[in-house]
Each structure stands twice: as C-alpha cells, then as structure tokens.
*Asks:* 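I'd like to ask some things about the structure below.
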Protein chains: 2
Amino acid sequence: MIELDGMVRETNGTKAARTTTAAETPTVVDYGPLEEWIGFHLRLAQNASFQAFAREARGIDVSPGRFATLLLIGRNPGISQTALSRANARDKSSLTPVLEDLERRKYIRRVRPKSDRRSYRLMLTPAGERLLKQLTACATTHDRNLDRIIGPRERERFLRTLKKIVAELAPANGNGTVK
Amino acid sequence: MIELDGMVRETNGTKAARTTTAAETPTVVDYGPLEEWIGFHLRLAQNASFQAFAREARGIDVSPGRFATLLLIGRNPGISQTALSRANARDKSSLTPVLEDLERRKYIRRVRPKSDRRSYRLMLTPAGERLLKQLTACATTHDRNLDRIIGPRERERFLRTLKKIVAELAPANGNGTVK
DNA sequence: TATTGTTATACTCTATAACTATA
DNA sequence: TATAGTTATAGAGTATAACAATA
C-alpha cells in the first residue's frame, strides 16, 4: 500500500511541523524546491496516469505495459522486432521475453520472411486483435478522463509541451535518434 | 543502446511505409492513436527528463533516483522512515535497502529516539549535505533546461496541469491519500 | 563485416506478507 | 492490538555483452 501526502503547504521553505506524533517527525512534509520542479511532478503525474490506466484495464489478460507493444504490432503488421524496439524506445533484448510470452499465449504470430531469414515479421492473431480492442477501449476511457482533468483548451498545449520535451532532451546526435 | 524513431508523420492513420528494407518492415512506423494520447507522451517525457537529469548527474556518487530521498531528509531532519516513504509515494519496505546503503556510505544517520524506540529519526551527515548540494546543482541546471524548452510563460500552466493530474487521478478515498 | 534476434546475466525499483520489537 | 521498521521473496522492466545464423 502506498500513501502520498497531499502537497498543500506554504510555498516558501518554511517548515510547519505540528509536532503531535510521539516520534516528533514533521506531520507536514517540506518538499522544498521539489515543489516547483518539473521533473518531480512529471514523475508523479506519469505514475498517477499509469496507475489509473492499470485500474481501467484490471481484469484484462495482459499487463497494461503490453499495450504499446500490441498497438504498434496491430498498426504495423509485419514489423520486425528491431523496428518495434526502436518505436517503443526500448532495447531489442528487452523485447524478447515479452514477445515470447505474447506468442505463447497466442496473441501474436511471428513469421520468418523468405527474403530475410534472420528476422521475424510480427502480427496479431484474431485473439490479439480482440485483446487490443479491449485495451484500446480502456485507453480511450482513460484518455477521456485526462481530457476532463486537463480541459480541452489546455490539452493541445500540454501535449505539445510534452512532445517538445521529448524532442529537445534527446541527446544531440544529429537526427533526433536516441543512442 | 536505445533508438527512438522520430514521430513526425501524417496525423491520420495512413501508413506510409517506404518498403525499402529487405524484411519489408515499415520504415515509418504508424503510432496510431498513441500519437495523440497524453499517457504515452507523459511516459516518454518523464523518461527523457530523467535521462537528462542522469546525464547531468553522471559522476556523482549516488544514483539520481536517490535525489528525492536525500532532499526530503535534508528538508525534514528527524523524519521517520514511514513518513518519508509516504512523502515519496513508495512503500516503506522499498526504503529499507536504500537507507541501508546511504547509511553504510555515511550520507545519512539514523537515531533511535528515546520517546519511541521502534522508529528512526533520519538526518543527513555533513557528507550527505555536500552530496545533496551537488545533486541540487544538477537538478537546478536540469530544471533551467526544461524552463528553456517549455518557456517561462508556459511553465506555470504546465506545472499546474501536472499537479492537477496527480491530485485528480488518485483513487477517491476521501483525503487525497493513495491507498 | 554488419545485422537480427537470443542468451546469459545483472541491476533497479517496486511490492506483499510475515515477522520483531516495541508501544 | 497497533505501529515502525526488517526480512524474505518475487515480479516487472530494463540494460549490456557475447553469440549464432544469416545477409
């Protein structure tokens, strides 16, 4: 179980300990500069968003982290593992156990193309398509919640800012590729 | 090594495969609805931001993930492990090995208060203070980069939105606490 | 030589449940 | 009984390096 202290407190660095507990730990925690740092809140927000999506998707047969993988295969039938790992910003070796699991459970198929017998072409099975539909429905609901929270006006701006952060924080190596 | 495909492509779902590779995998990946979903970009942005901070903090003696822990102890000397775990949105058991490591390396001290001998009161050692200063400098630089990317006007709005997401996506249990 | 995917391995982060020592 | 922190354990997620098969 996790509990997250509410972060409502004075904006400056003043500590407002209530000193009621026996151990004399501050009841109100001082977050200092954390309070104003983008990076920290980016972490909390990503965490909260993922948890909410997971709640939405509870009861579905795969973990929510598989969603992007399934969607990318569904959208790009025949994609190779290497291309998929790049699209998802993960190393190809991280993908091996994931795809093994999805194949074992008959959600994807892997075909050796005769043109290049080192590689695989990935595609969803009908069961995989159904699974993806379920997850997509959850994601849609979740995203609608986020819309409601953010507001339709704000949403575009917010998304643009997120994309900007990704684009500009990638290590400069000439082509926008993270190495 | 990770490579992330640039995500510049047509906004609708049309696939624009160049079919130049032998394996016939699409050269341009179709991200479908992912392209417009907040949750996905929140993940990418948080990832990019953390990586950038890690680059900033390379060479420092602790991993960047320790930063929040050290800062919270520094700001709240005498805080208990339970209070710390709550403030950082982690289970207390996750904290044990972290604090053991920090204590072994003499960055924090743990004192048994006579008032409650079950608990610890955590505080930084002088070395811990120095370490925190270093990390804070890195975080400040990093956050200035983010400011430059986001823009000073946008920044406040963006931060407010992040906080709003955290506040509203916490499971409803009456008091803003995540259970 | 270079690339695709696998293997072996390891590290970080995180959690649950049961435990101990206090309270 | 309840709480603070630890232990035992496990799982997800991720990475690097070396490798075999193929190009």
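In what follows, every chain begins at residue 1, and chains take the letters A, B, ... in the order their sequences are listed.
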*Asks:* Per the side chain to side chain donor-acceptor pair (under 3.5 Å) rule, what does the pair list look like for residues 58-69 of chain B, sequence neighbours excluded?
*Replies:* B/Asp61-B/Arg105, B/Asp61-B/Tyr107

*Asks:* Can you tell me how far P of C/dT6 sits from CG of A/Leu84, to the nearest Å?
*Replies:*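 Checked: the CG to P distance equals 12 Å.
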
*Asks:* From C-beta outward on B/Arg118, which listed nucleotide comes closest to its side chain: D/dA2, C/dA15, C/dT4?
*Replies:*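 For B/Arg118, the side-chain atoms sit closest to D/dA2.
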
*Asks:* Here's one to test your reading of the geometry: is the NZ or CZ of B/Arg112 within 45 degrees of the ring axis of B/Tyr120 and under 6.0 Å from its centre?
*Replies:* yes

*Asks:* What is the separation between atom CZ on A/Arg117 and atom C1' on D/dA23, rounded to the nearest whole Å?
*Replies:*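 In whole Å, D/dA23 C1' and A/Arg117 CZ are 11 Å from each other.
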
*Asks:* Using whole Å, report how far CZ of B/Arg86 lies from C1' of C/dT14.
*Replies:*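 Atom CZ in B/Arg86 sits about 18 Å away from atom C1' in C/dT14.
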
*Asks:* Taking only the side-chain heavy atoms of A/Asp91 (C-beta and beyond), determine which of D/dA23, D/dT16, C/dA23 contains the nearest atom.
*Replies:*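 Shortest atom-to-atom distance from the side chain points to D/dT16.
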
*Asks:* Answer with yes or no whether A/Arg90 presents, from its side chain, a donor or acceptor under 3.5 Å of a partner atom in the base of D/dT14.
*Replies:*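 No, no donor-acceptor pair under 3.5 Å.
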
*Asks:* Quick check for you: among D/dT22, C/dT6, D/dA4, whose closest atom lies nearest to any side-chain atom of B/Ser119?
*Replies:* D/dA4

*Asks:* Does B/Thr96 contact D/dT7 through a side-chain donor or acceptor facing the base, at a distance under 3.5 Å?
*Replies:* no

*Asks:* Rounded to the nearest angstrom, tell me the gap between atom NZ in B/Lys92 and atom P in C/dA17.
*Replies:*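 So the NZ-P distance, B/Lys92 to C/dA17, works out to 12 Å.
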
*Asks:* Between A/Glu154 and B/Arg160, is there a salt bridge with N-O shorter than 4.0 Å?
*Replies:*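 Result for this pair is no, no salt bridge flagged.
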
*Asks:* B/Ser94 side chain: which of D/dA23, C/dT14, C/dC13 is closest?
*Replies:* C/dT14

*Asks:* Mind calculating the distance between CD (B/Glu100) and C1' (D/dT6) to the nearest angstrom?
*Replies:* 8 Å

*Asks:* Check the surroundings of atom CZ in A/Arg109: do more than 12 heavy atoms from other residues, nucleotides or ligands lie under 6.0 Å from it?
*Replies:* no

*Asks:* Under 3.5 Å, is there any donor-acceptor pair linking the side chain of A/Ser93 to the base of D/dT16?
*Replies:*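 When only heavy-atom distances are counted, A/Ser93 does reach the base of D/dT16 through a donor-acceptor pair under 3.5 Å.
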
*Asks:* Would you indicate which nucleotide in C/dT6, D/dA4, D/dA15 comes nearest to any side-chain atom of B/Thr82?
*Replies:* D/dA4

*Asks:* Between P on C/dC13 and CG on B/Leu102, what's the gap in Å once rounded to a whole number?
*Replies:*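 Distance, rounded to whole Å: 11 Å.
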
